[in-house]
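All figures in this text were calculated on a predicted structure; none of them were measured in a lab. Counting from 1, the numbers follow the sequence of the chain as shown.
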Amino acid sequence: MATTLLSAALLIGLGAVLHLSAGAAAAGPASDEELFARYVAGDDRAFEELFGRYAPALCRVMRRQIRSGEEASELVQQTFLQLHRARHDFRTGAQLRPWLYTIALNLRREAVRRRILQGSTHSEAPERLEQLATVAA
């Protein structure tokens with residue numbers, strides 16, 4: 001009798017689990033905005049899932065102008081750091097993807113600009129010093 005009750009309880013429990021998992025599968029994966037809202041509410045796994053979704057694509061975007069894989073990865077990390085810092089500024093109802101890509105592309109633009117300025121300073125510095133020396137003489 002006890003075995004029959006236990007078996008019935010297990011079957012009912014199993015049915016509930018199957019019903020819940022079927023509902024979760026039918027709902028599909030959480031949207032980016034849902035994940036971000038969960039992250040802002042304190043769910044660190046939601047942030048990890050967003051990172052897993054977007055880091056590879058953002059790294060490819062970064063590598064289009066940044067040839068160094070290490071620097072591209074660093075820019076992706078900075079993107080998610082900026083996302084974290086600005087998490088309370090995100091407008092409810094807005095899409096996360098364009099906001100995330102705007103952050104990433106702005107960081108990439110700044111990195112390219114810094115590289116150009118540093119490269120022009122280093123490569124033109126000897127010529128400029130030579131010109132100044134000629135004029136002074």
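Taking CD from Glu71 and CE from Met62, the interatomic distance works out to 10.0 Å, rounded to the nearest 0.5 Å. Distance check: Phe36 CZ to Leu50 CG gives 8.0 Å after rounding to the nearest 0.5 Å. In this structure, OG1 on Thr79 lies 4.5 Å from CG on Leu107, to the nearest 0.5 angstrom. Here the CG atom belonging to Leu83 is positioned 10.5 Å from the CG atom belonging to Asp89, to the nearest 0.5 angstrom. Note that CD of Glu34 is 12.0 Å distant from CG of Asp43, once rounded to the nearest 0.5 Å. Rounded to the nearest 0.5 angstrom, Asn106 CG and Arg109 CZ are separated by 4.5 Å.
Residues Asp32 and Gln95 fail the side-chain proximity criterion, which asks for heavy atoms closer than 4.5 Å. The side-chain heavy atoms of Gln82 and Arg85, taken from C-beta on, include a pair separated by under 4.5 Å. Side chains of Tyr39 and Leu35 form no contact here, defined as non-hydrogen atoms less than 4.5 Å apart. Contact check for Ile116 versus Val112: side-chain heavy atoms found under the 4.5 Å cut-off. Using a 4.5 Å cut-off on side-chain heavy atoms (C-beta onward), Arg114 and Glu110 make contact.
Smallest separation of non-hydrogen atoms from Ile66 and Ala111: CD1-CB, 4.2 Å. In terms of heavy atoms, Arg63 sits closest to Ala72 at CD-CB, 3.6 Å. Of all heavy-atom pairs between Arg67 and Arg64, the closest is NH1-O, 3.1 Å. Of all the heavy atoms in Phe80 and Leu58, the pair that sits closest is CE1-CD1, 3.7 Å. Across all their heavy atoms, Glu33 and Ala94 have their closest contact at CG-O, 3.3 Å.
A salt bridge between Glu49 and Arg53 is present, with a side-chain N of the basic residue lying under 4.0 Å from a carboxylate O of the acidic one.
Residues passing the ring-ring contact (aromatic ring centres under 6.0 Å, His included) test with Tyr54, sequence neighbours excluded: none.
Between the Arg108 side chain and the Val61 main chain, a donor and an acceptor come within less than 3.5 Å of each other.
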Pairs of donor and acceptor atoms involving the side chains of residues 98-105, under 3.5 Å and at least two apart or interchain, shall be tabulated with distances.
| residue | atom | partner | partner atom | Å |
| --- | --- | --- | --- | --- |
| Thr102 | OG1 | Pro98 | O | 2.7 |

